[in-house]
Structure formats: C-alpha cells, structure tokens
Amino acid sequence: MIGYGDGRAAAIERDTGDDFAAIRERFYVQDGVYYMDGNSLGLLSRDAEAAVHKTLHDWKTLGIDGWLNADPPWFYLGEELGNRMANMVGAASDEVIVTGGTTVNLHALVATFYEPMGTRRKIIVNELDFPSDIYALEAQIAANGGEPERDLVKVRSVGGRTINEDDVVAAMTEDVALVLLPSVLYRSGQLLDIERLTREAHARGILIGWDCAHSAGSIPHAFDAWDVDFAFWCNYKYLNAGPGSVGALYVNRKHFNRQPALPGWWGYDKARQFDMSHEWQGAATAGAWQISTLSILSAAPLIGSLRIFDEVGIDRVRERSLELTDYLIRLVEERGLDQEPYGYSIGTPREHTRRGGHVAIEHPHGAQINAALKERGVIPDFRPPNVVRLAPIPLYTSFCDVWDTVAILRDVVDSGDYVRQSDQRGVVA
Ligand SMILES: *Cc1c(COP(=O)(O)O)cnc(C)c1O
C-alpha cells in the first residue's frame with residue numbers, strides 16, 4: 001500500500017496501471033474537480049445518459065406502446081432492474097424490485113412488517129439515524145395506536161459517532177417487535193454487522209429490516225444468506241442513477257405470503273393487472289410491494305448504470321473502495337492533519353469490516369472547511385455538527401484525486417482560507 005512517503009508520483013503510477021482508468025472514462029468527471037460526494041449523488045455515466053436518451057426516443061416513437069415494446073419493456077422495468085440488481089445484494093431475482101423512493105419504501109415495508117401485539121410493540125433504531133427514518137417510524141407507531149416516545153427505542157451511540165452492536169443486542173428485549181437499522185451510518189460511515197444483528201434479532205423472535213442507502217452499490221450484501229427480513233435503498237447515491245432516481249427494496253421470499261399494507265395496482269399480479277378487478281391480487285414476488293406506476297424516466301439511468309456494475313462486479317468495487325479509503329485515512333495521518341494546527345480527526349472505523357464507502361473527517365469548523373474545500377474544487381459534503389464527508393468512489397475516483405484532496409485539506413488550513421468562510425452551512429449541505 002502506497003503512502004505519503006511514496007509521493008504523488010506513486011499515486012499517478014498506481015492509477016496508470018489500473019483497469020479502473022477505463023471505467024472512469026465512462027463517467028462525466030469534470031476537469032479541475034475532485035468529486036468526493038458520490039455517496040450523496042453519484043456522477044452521470046455515459047451509459048446512464050445513453051439509457052435516458054434511448055428511453056426518450058422510445059417514448060417519442062412508441063408512445064403508449066413503449067409499455068410492452070420498448071427495450072426493456074417499461075411494464076416490466078421494475079422487475080427487470082430488480083433482477084439485475086439482485087446479485088449485488090445476495091438475493092434471488094424476484095426478491096428485489098425497483099420502485100418508489102427510499103422513505104416511501106420504508107413506509108410500505110414497515111407498515112407491513114411492524115405488527116405490534118400485546119406488550120411486543122417497540123421498534124429499535126439508533127440515535128444517529130437519518131432523520132427521515134425517524135419521522136416515518138414515529139408516524140408508523142402512531143398509526144398503530146402506539147406512542148413514539150415510549151415505543152421508539154433509540155440505541156445510544158459511542159461518542160456520537162458509532163453504534164456498538166452489543167448495545168443493540170442488549171436492547172432486543174421481549175417488548176420489541178421490529179429492528180430497523182442503517183447498514184452504514186450516514187455520518188460516520190460505520191458499517192454495522194448485519195449478519196450478527198439479524199441472527200440476534202431472529203433468536204429473540206424479532207423481525208429486522210435494513211436501510212441500505214449508504215451500502216448499496218458500495219458493499220456486497222448477502223441478504224438471503226443472512227436471512228434479512230427486508231431492506232430498501234436509494235439508487236442515486238453509489239448506484240449513480242441520478243438525482244431523486246427511483247429506489248429499490250428487498251423482501252425475503254419467506255414473506256411473500258404477507259399482504260402488503262399499502263397496496264397499489266402496480267403491485268398486482270402482472271398477468272392480470274389490466275383485468276381492472278377491484279379484488280387485489282398481489283404479485284407472488286417482492287413486486288407486490290410496488291404501489292404506483294414506475295417513473296420510467298427516472299428509472300432509465302439505472303439501465304445504463306447497472307451495466308457498469310455488471311461488468312466490474314461488486315466485490316471489486318468494494319476492494320477498491322477499501323484501498324481508496326485506506327489511502328485517504330493514511331495520508332491524513334501521515335501528513336499530520338490529525339495534529340495541531342490542523343485539528344482534523346477521522347470519525348470512521350479503521351477496521352475494514354466496520355467501514356462503509358466514505359470517510360468522516362471531523363473538524364471543529366467543519367462547515368467552513370467544507371466551503372473552503374469547495375472553493376478549491378474538492379466536492380465533499382458537510383453533516384452537522386462537525387463532519388466533512390469524503391467519498392472516493394471506486395468507479396471514478398483516482399488515487400491521485402485522493403492525494404490532491406488531502407493536500408488541499410492541509411492547504412485550506414495553512415493558508416487560513418477556511419477562516420474566511422461563513423460558518424453557516426448551505427440550504428443543501
Ligand atoms: C439518503 C438516505 C435516505 C434518502 O431518503 P429519500 O426518501 O430517498 O429522500 C434515507 N435513508 C438514509 C439512511 C439515507 O442516507
């Protein structure tokens with residue numbers, strides 16, 4: 001593994017011999033920009049762009065007939081894309097469906113799988129959760145006649161950064177009906193032990209679902225082997241399907257007999273959907289959890305984007321991601337950025353088994369550091385109170401990008417640039 005002592009030349013050399021150089025060429029990486037925010041919004045690939053153009057052309061020329069005659073046919077596109085994504089998450093092809101939005105899918109799944117009974121009414125989450133999940137779960141508890149303050153159990157963190165799996169297990173008491181956790185924490189980038197927590201929940205008769213917004217397209221999953229009950233994720237982060245693109249969900253086939261709590265005609269058995277019967281007959285797959293007509297234009301980029309993942313394979317994506325984040329962490333430390341006067345610290349676990357795809361760089365003036373980095377062409381994002389997130393994306397970030405980013409991290413302090421920035425974060429941070 002190369003480090004600071006090997007110089008920038010070693011980073012260039014590492015990039016030159018790399019198969020990923022050709023993959024990077026397929027993305028619109030802007031000159032002079034170090035794009036480190038692909039965990040929030042992945043970049044556009046030429047493949048995704050071509051897929052959107054193709055879909056527009058199909059609409060132009062086929063009109064309504066695109067539902068069956070476009071390639072792939074729009075009517076089955078959610079199933080088709082789910083099928084193509086299944087391998088990446090360790091699922092059978094009919095257990096994954098591309099549909100809805102992340103929070104909408106959370107609602108649809110939790111409404112189905114949260115069945116409070118007698119004294120078993122609690123949902124376990126954690127205090128570092130993404131806010132949308134909390135809003136949705138509080139509403140789900142209230143809709144079931146419960147009290148969010150009593151029934152939503154937030155596992156406490158270790159120092160506001162990470163969650164200790166032992167604390168989650170300790171919270172799995174007899175009054176818990178459901179556990180809903182992120183695979184990777186959005187701020188610190190900690191990867192939870194999905195397999196262990198799933199096993200521990202099941203041993204206590206508790207169902208468990210996973211919000212994989214920050215792991216899908218970054219980390220291999222084995223949902224079937226781990227026996228996860230359900231999961232959902234967005235496709236606009238590591239999967240590069242564009243701003244607000246359609247989300248995806250997984251339902252373990254052992255639950256296919258369940259009645260989706262928020263049914264809609266798009267989840268109907270496809271062969272008979274156009275019978276227009278008032279009697280709901282759900283698909284015998286995860287497709288039953290679809291609600292509305294798939295947004296074809298916003299699913300289209302995924303047709304192209306998944307082609308790249310098919311070619312590279314999620315294992316190689318993960319391997320390279322760890323190399324890049326290792327390099328980033330190593331450079332921060334070897335350049336002394338975790339010491340005075342720099343004042344940065346790494347908030348992400350060092351162990352590979354506990355690290356997602358981004359690195360949380362903490363700084364007491366994180367909002368100002370973030371603004372100063374942007375002025376210099378580094379695109380990070382800021383999450384209050386003090387985290388600058390940097391995500392070197394295996395498909396399009398080079399080792400040299402990482403080297404330069406760390407040099408700029410140092411320079412915005414050396415030059416005093418960051419002090420001149422406003423300490424107010426932007427409306428979209
Ligand atoms: C990004 C993200 C979401 C996004 O929710 P949307 O409904 O797609 O806006 C949800 N959960 C987590 C953990 C996220 O990181």
Side-chain angles (χ1 to χ4, degrees), residues 36-43 78 81 85 89 97-111 123-140 152 154-155 157 160-163 168 178-192 194 197 208-219 221 228 230-250 262 289-292 294-295 298-299 301-302 305 347-348 355-360 380-384 387-391 393 427-429:
M36 295 286 166
D37 207 12
N39 57 325
S40 260
L41 178 63
L43 288 181
L81 291 172
M85 215 182 278
V89 294
I97 189 86
V98 167
T99 185
T102 321
T103 309
V104 173
N105 290 338
L106 183 167
H107 273 294
L109 291 164
V110 170
I123 302 181
I124 296 181
V125 292
N126 80 86
E127 68 168 2
L128 304 177
D129 257 326
F130 191 76
S132 200
D133 296 28
I134 300 295
Y135 309 150
L137 291 171
E138 287 183 346
Q140 289 290 337
L152 194 65
K154 292 187 185 174
V155 173
S157 69
R161 282 186 180 139
T162 56
I163 296 295
V168 180
L178 180 69
V179 178
L180 192 97
L181 290 170
S183 47
V184 171
L185 270 59
Y186 78 94
R187 197 163 35 206
S188 68
Q190 178 195 5
L191 169 62
L192 289 175
I194 303 174
L197 291 173
I208 184 163
W210 292 92
D211 180 338
C212 295
H214 277 279
S215 60
S218 170
I219 292 171
H221 303 67
V228 161
F230 65 91
F232 53 91
W233 56 93
C234 36
N235 293 319
Y236 50 80
K237 292 176 177 165
Y238 289 97
L239 286 153
N240 311 317
S245 178
V246 183
L249 62 82
Y250 160 88
L262 304 181
W289 276 265
Q290 296 169 97
I291 300 172
S292 268
L294 180 66
S295 172
S298 111
L302 206 48
S305 178
T348 305
R355 191 195 309 160
H358 73 265
V359 177
D381 63 19
F382 170 69
R383 290 292 176 265
V387 174
V388 175
R389 299 189 303 183
L390 295 174
I393 303 298
V427 175
V428 175

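All ligand and atom numbering here is 1-based and tracks the order in the structure. Since we're looking at a predicted model, the values are computed, not measured.
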*Asks:* Of His214, Arg187, Lys237, His107, which has the heavy atom at the shortest distance from atom 14 (C) of ligand 1?
*Replies:* Lys237
*Asks:* Consider only side-chain N and O atoms of Thr162 and Ser188, and report whether a donor and an acceptor are under 3.5 Å apart.
*Replies:* no
*Asks:* Angle class for the Phe130/Tyr186 ring planes (parallel below 30°, perpendicular above 60°, tilted otherwise)?
*Replies:*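 Rings of Phe130 and Tyr186: perpendicular, as their planes differ by over 60°.
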*Asks:* Hey, which atoms in ligand 1 end up nearer than 4.0 Å to a heavy atom of Asp133?
*Replies:*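 It comes down to these atoms of ligand 1: 10 (C), 11 (N).
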*Asks:* Pick whichever of Tyr186, Tyr236, Trp233 has a heavy atom sitting closest to atom 4 (C) of ligand 1.
*Replies:* Tyr236
*Asks:* For ligand 1, which atoms sit closer than 4.0 Å to a heavy atom of Thr103?
*Replies:* 5 (O), 6 (P), 7 (O)
*Asks:* Where's the contact between Asp211 and ligand 1, heavy-atom distance under 4.0 Å: side chain, backbone, both or neither?
*Replies:*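 It is the side chain that gets close, since no backbone atom is under 4.0 Å.
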*Asks:* Report the nearest protein non-hydrogen atom to atom 3 (C) of ligand 1: residue, atom name, distance rounded to 0.1 Å.
*Replies:* Phe130 CE2, 3.4 Å
*Asks:* Are any of the side-chain heavy atoms of Lys237 and Asn39 separated by less than 4.5 Å?
*Replies:* no
*Asks:* Does the side chain of Arg389 come under 3.5 Å of the side chain of Ser40 through a donor N or O and an acceptor N or O?
*Replies:* yes
*Asks:* Within a strict 4.5 Å, meaning less than it, do heavy atoms of the Leu178 and Ile208 side chains meet?
*Replies:*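 They are not in side-chain contact.
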*Asks:* Would you mind listing which atoms of ligand 1 come within a distance below 4.0 Å of any non-hydrogen atom of Thr102?
*Replies:* 4 (C), 5 (O), 6 (P), 7 (O), 8 (O), 10 (C)
*Asks:* With a heavy-atom distance limit of 4.0 Å, tell me whether Ala213 approaches ligand 1 through its side chain, its backbone, both, or neither.
*Replies:* side chain
*Asks:* Whether the Ser245 and Asn235 side chains hold a donor-acceptor pair (N or O, under 3.5 Å, no angle test) is what I'd like checked.
*Replies:* no
